[in-house]
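Comments concern the structure below.
By convention here, the first residue in the shown sequence is residue 1.
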Amino acid sequence: MFTLKKSVALVVGLVALLGIIPFVAKAVRTDVSRDFPVYNNHGKPDLTVDPKRFVNQMEIIDRLFDASSCEIAEGSVGGTGYRRLLRFDTVLINGGDGDLVVGSPTDPNNPYHSVFIYSPCHMHYHIIGFSNYQLLNLDRTIAAQGHKQAFCLEDLLKYTNDNKSSGYVCAFQGITTGWADWYFKQLSGQWIDITGVPEGDYIVHVEINAAHTFDEGANRYSNVIETTIHIPDPRNKVTIDNSPAATD
Ligand SMILES: [Zn+2]
């Protein structure tokens with residue numbers, strides 16, 4: 001049997017024998033997902049969206065909303081009945097060398113107290129106007145207004161190899177340096193309502209920290225992400241998503 005102890009001893013032995021320190025290749029990937037370079041932003045956060053996940057999770061589905069749907073109240077769909085939704089993942093990476101600290105939504109002494117709003121769809125507090133989701137024509141005029149998706153910011157994914165989460169959650173919000181929050185496509189509002197949009201090529205436009213609520217220092221990483229998409233004829237059938245609403 002090849003035990004862990006033996007294998008460690010073997011590696012140590014080999015290192016001693018060859019007189020070298022094992023070299024672990026670390027690829028720097030600008031296309032992400034994972035292993036994201038954090039830079040010296042003088043202790044400030046710098047938020048950006050994982051471009052890979054944004055593009056590869058994108059899909060068009062139909063989903064039913066009735067008058068009692070929280071999405072009607074929140075304005076993330078344009079009406080009741082079946083709506084055609086272009087949905088995607090928004091992973092918010094903090095690539096600056098400082099944590100984004102937002103704090104408790106219910107603490108009246110929190111300097112960000114006024115930017116929180118309670119979301120009936122998500123059942124927790126969000127930051128007002130955090131992101132802006134739009135569908136643009138190729139000439140950059142607006143094809144579908146989309147909406148301002150609000151977020152509860154917390155640590156969900158680790159994007160560097162070496163640092164621990166400071167433990168941000170919806171009740172005390174923030175994103176640790178080198179970590180990311182993840183709003184996946186099944187979450188309420190992670191979409192642009194494209195009902196009635198004619199067949200053609202469009203630009204999907206997402207801006208984060210859209211209201212400039214948070215200081216991002218040098219802000220070297222872009223707050224805007226875009227990709228082009230072909231939207232099929234609205235009469236064509238797409239997958240109907242009848243699954244229960246996902247919570248985060
Ligand atoms: Zn939420």
Side-chain angles (χ1 to χ4, degrees), residues 31-34 47-93 119-123 126 129-152 156-157 180-208 210 222-248:
D31 67 334
V32 180
S33 303
R34 301 303 163 92
L47 304 178
T48 197
V49 175
D50 183 334
K52 204 173 200 174
R53 218 180 258 274
F54 175 67
V55 170
N56 70 20
Q57 294 299 308
M58 200 166 279
E59 64 180 2
I60 295 171
I61 55 109
D62 282 346
R63 192 169 169 90
L64 184 62
F65 298 91
D66 64 32
S68 67
S69 300
C70 60
E71 286 84 359
I72 300 292
E74 288 198 351
S76 65
V77 290
T80 56
Y82 274 101
R83 309 298 298 184
R84 185 149 295 186
L85 307 175
L86 167 66
R87 65 182 186 177
F88 46 85
D89 280 16
T90 305
V91 174
L92 296 163
I93 306 167
S119 162
C121 286
H122 284 223
M123 295 181 287
H126 280 165
F130 180 77
S131 65
N132 196 11
Y133 294 171
Q134 287 179 321
L135 187 74
L136 307 178
N137 295 300
L138 296 181
D139 67 2
R140 306 199 61 82
T141 55
I142 292 171
Q145 186 50 61
H147 63 284
K148 289 185 164 59
Q149 174 77 340
F151 279 73
C152 125
L156 285 178
L157 301 170
D181 191 6
W182 180 20
Y183 265 49
F184 48 93
K185 64 188 176 191
Q186 290 87 357
L187 280 178
S188 176
Q190 261 309 115
W191 59 61
I192 297 169
D193 184 347
I194 59 163
T195 308
V197 168
E199 181 176 7
D201 294 319
Y202 297 90
I203 300 163
V204 188
H205 171 94
V206 166
E207 183 180 7
I208 58 163
S222 181
N223 287 7
V224 172
I225 186 160
E226 293 183 341
T227 191
T228 52
I229 193 165
H230 183 81
I231 291 181
D233 190 310
R235 291 166 298 187
N236 289 5
K237 281 191 165 55
V238 296
T239 303
I240 295 173
D241 177 16
N242 284 323
S243 61
T247 54
D248 59 320

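Between L135 and I194, the closest heavy-atom pair is CD2-CG2, 3.9 Å. The minimum heavy-atom distance between P234 and V197, with the atom names listed, is CG-O, 3.4 Å. Here the shortest heavy-atom pairing between I72 and G79 reads CD1-O, 3.5 Å. Pairing each heavy atom of P120 with each of C70, the nearest pair is C-CB, 4.1 Å. Counting all heavy atoms, side chain and backbone alike, V91 lies closest to A180 at CG1-CB, 3.6 Å.
Atom CZ of residue F151 and atom CH2 of residue W182 lie 13.0 Å apart, to the nearest 0.5 angstrom. Note that OG of S243 and CD of Q186 are 7.0 Å apart. Values are rounded to the nearest 0.5 Å. Here the CG atom belonging to L138 is positioned 8.0 Å from the OG1 atom belonging to T228, to the nearest 0.5 angstrom. Note: S131 OG to L47 CG = 11.5 Å, rounded to the nearest 0.5 Å. Rounded to the nearest 0.5 angstrom, D66 CG and T80 OG1 are separated by 8.0 Å. Remark: L92 CG to L157 CG distance equals 10.5 Å, nearest 0.5 Å.
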| Trace of the side-chain contact (heavy atoms from CB on, under 4.5 Å) decision for V206 with N132 | CA-CA 6 Å; V206 166; N132 196 11; over 6 Å; no
| request: Start with the C-alpha gap between V49 and I208, add the side-chain angles, then the distance that decides, and say whether side-chain contact (heavy atoms from CB on, under 4.5 Å) holds. | output: CA-CA 8 Å; V49 175; I208 58 163; 3.7 Å; yes
| request: Walk me through it: do S119 and E74 pass the test side-chain contact (heavy atoms from CB on, under 4.5 Å)? | output: CA-CA 8 Å; S119 162; E74 288 198 351; 2.5 Å; yes
| message | Pair L136, Y202 - check side-chain contact (heavy atoms from CB on, under 4.5 Å), show working. | response | CA-CA 6 Å; L136 307 178; Y202 297 90; over 6 Å; no
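Each of D241, D193, I192 was scored for a side-chain contact (heavy atoms from CB on, under 4.5 Å) with L85, with one residue passing: D193. Checking each of Q145, R87, E207, Q190 against Y133 for a side-chain hydrogen bond (donor to acceptor under 3.5 Å, both in side chains) leaves exactly one that passes, namely Q190. Checking each of F184, F54, W191, Y183 against F88 for a ring-ring contact (aromatic ring centres under 6.0 Å, His included) leaves exactly one that passes, namely F54.
Looking at T195, its side chain does come within 3.5 Å of a backbone N or O of R84 through a donor-acceptor pair. Here the side chain of N137 pairs no donor or acceptor atom with the backbone of R140 at under 3.5 angstrom. H147 places a side-chain N or O within 3.5 Å of a backbone atom of G189 that can act as its donor or acceptor partner. No donor-acceptor distance shorter than 3.5 angstrom exists from the side chain of S69 to the backbone of E71, with no hydrogens or angles considered.
Looking at R235 and E199, no side-chain N of the basic residue comes within less than 4.0 Å of a carboxylate O on the acidic one, giving no salt bridge. For the pair K185 and D89, the salt-bridge criterion is not met [side-chain N within less than 4.0 Å of a carboxylate O].
Two residues are said to be in side-chain contact when any heavy atoms from C-beta on lie closer than 4.5 Å; L86 and M58 meet this criterion.
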